[in-house]
Amino acid sequence: MPQYFAIIGKKDNPIYEAEFTSQQGQQGQLQQGFQQNLKELNAFILHASLDIVEDLQWQVNPNAQHGKGGFLRSKNVTNIDNCYLGKVDHFYGLAITAYVTYGGMKLVMIHGGPPNGNTQIDDNMVKSFYQEVHELYVKTLMNPFYRLNEPIPSPAFDSRVRALARKYLNR
């Protein structure tokens, strides 16, 4: 199942972008990435979902049925589960998940699925992926040569994110 991942800055500018594809399918067939017509739309689909992400980010009580507060109300809570927003949107069988950092950076991913349009997402694995990429991003912020909201050109960052994608997303 292919994924398109991006880190979006505070000014809705792309900081990092990558497409992940698994090497082997479930029956041993080689899987391809997104269809060419969808691949060209990935950035558009992702940026279109940012409005929903920002609405969820600023909502006072998005999970009222669970008794949890919203993203901002629960900032003083020590766990980081409230950063993961889960599935926020869908587009022609593609699912979009998101994670928002306290610094306002948005980690967003498009999950491709089988041709029948039934995309399955393992929330625990996706949340773990986002949390570890967030940790990598924080380490990048500590680099004195990195400027906030600038694209990340580091090949080491790219290879680590791709290793995390293989670990958590290609199951």
Side-chain angles (χ1 to χ4, degrees), residues 1-21 33-77 79-114 117-138 140-141 146-152 157-158 161 164-165 168-169:
M1 155 166 91
Q3 291 95 9
Y4 175 75
F5 172 71
I7 299 175
I8 307 296
K10 293 182 183 182
K11 300 174 185 173
D12 290 345
N13 57 318
I15 304 297
Y16 173 80
E17 296 175 285
E19 182 177 338
F20 311 124
T21 56
F34 289 99
Q35 297 173 3
Q36 188 60 33
N37 58 349
L38 284 177
K39 186 181 282 195
E40 296 168 356
L41 293 175
N42 278 343
F44 172 74
I45 295 167
L46 192 130
H47 277 77
S49 67
L50 288 180
D51 291 335
I52 297 168
V53 171
E54 289 172 359
D55 284 346
L56 289 172
Q57 175 184 2
W58 298 107
Q59 241 177 19
V60 177
N61 198 6
N63 296 324
Q65 70 272 15
H66 296 106
K68 296 180 182 176
F71 180 73
L72 288 180
R73 264 187 35 186
S74 55
K75 243 183 166 176
N76 57 357
V77 176
N79 70 10
I80 55 175
D81 289 344
N82 58 328
C83 292
Y84 178 64
L85 300 176
K87 183 179 173 184
V88 295
D89 199 8
H90 59 88
F91 181 81
Y92 289 112
L94 304 174
I96 295 102
T97 59
Y99 180 98
V100 181
T101 69
Y102 289 128
M105 302 301 279
K106 298 165 212 62
L107 286 68
V108 188
M109 188 176 345
I110 300 173
H111 302 266
N118 189 11
T119 304
Q120 298 292 325
I121 298 171
D122 184 355
D123 272 337
N124 291 329
M125 298 302 269
V126 173
K127 184 192 310 182
S128 297
F129 170 77
Y130 279 133
Q131 288 171 342
E132 291 204 29
V133 171
H134 182 199
E135 185 178 322
L136 280 176
Y137 178 70
V138 169
T140 302
L141 285 177
Y146 177 73
R147 293 178 46 200
L148 187 63
N149 276 325
E150 292 290 319
I152 301 173
F157 182 85
D158 182 58
V161 170
L164 289 172
Y168 290 112
L169 302 176

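Worth saying up front: this structure is predicted, and the values here are computed from it rather than measured.
Across every non-hydrogen atom of S49 and V108, the tightest pair is OG-CG1, 4.0 Å. Nearest heavy-atom pair across I8 and P14 is CD1-CA, 4.2 Å. When all heavy atoms of D12 and E54 are compared, the closest pair comes out as OD1-OE2, 3.4 Å. For the pair E132 and L164, the tightest heavy-atom approach, listed with the atom from each and the gap, is OE1-CD2, 3.0 Å. A95 and I121 make their closest contact through CB-CD1, 3.4 Å (heavy atoms, listed as atom of the first residue, atom of the second, distance).
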* Take Y16 and T140, measure what side chain to side chain contact (heavy atoms under 4.5 Å, CB included) needs, and give me the verdict at the end. => CA-CA 12 Å; Y16 173 80; T140 302; over 6 Å; no
* CA sep, side-chain torsions, deciding dist, call: Y99, Q131, side chain to side chain contact (heavy atoms under 4.5 Å, CB included) -> CA-CA 8 Å; Y99 180 98; Q131 288 171 342; 4.0 Å; yes
* To do: Report the C-alpha separation of L141 and L148 in whole Å, then their side-chain angles, then the decisive distance to 0.1 Å, and conclude whether the side chain to side chain contact (heavy atoms under 4.5 Å, CB included) test is met.
  => CA-CA 7 Å; L141 285 177; L148 187 63; 3.7 Å; yes
* To do: Under the side chain to side chain contact (heavy atoms under 4.5 Å, CB included) rule, what do L56 and V100 come out as? Steps first, then yes or no, please.
  => CA-CA 10 Å; L56 289 172; V100 181; over 6 Å; no
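Residues T101 and L107 meet the side-chain proximity criterion, which asks for heavy atoms closer than 4.5 Å.
Counting only N and O atoms by type, the side chains of D122 and Y168 include no donor and acceptor under 3.5 Å apart.
Using bins of under 30°, 30° to 60° and over 60° for the plane-to-plane angle, the ring pair Y84/Y130 lands in the tilted bin.
A donor-acceptor contact shorter than 3.5 Å is absent between the side chain of N149 and the backbone of N13. Not one N or O on the side chain of K87 forms a donor-acceptor pair closer than 3.5 Å with the backbone of D123.
When the side-chain contact (heavy atoms from CB on, under 4.5 Å) test is applied to E135, the partners found at least two apart in sequence or on another chain are K139. In terms of the side chain to side chain donor-acceptor pair (under 3.5 Å) criterion, residue partners of E17 (sequence neighbours excluded) are, by chain and number, Y4. A165 meets the side-chain contact (heavy atoms from CB on, under 4.5 Å) test with F20, F129, L169; sequence neighbours excluded.
Between the NZ atom of K127 and the OG1 atom of T97 there is a distance of 12.0 Å, given to the nearest 0.5 Å.
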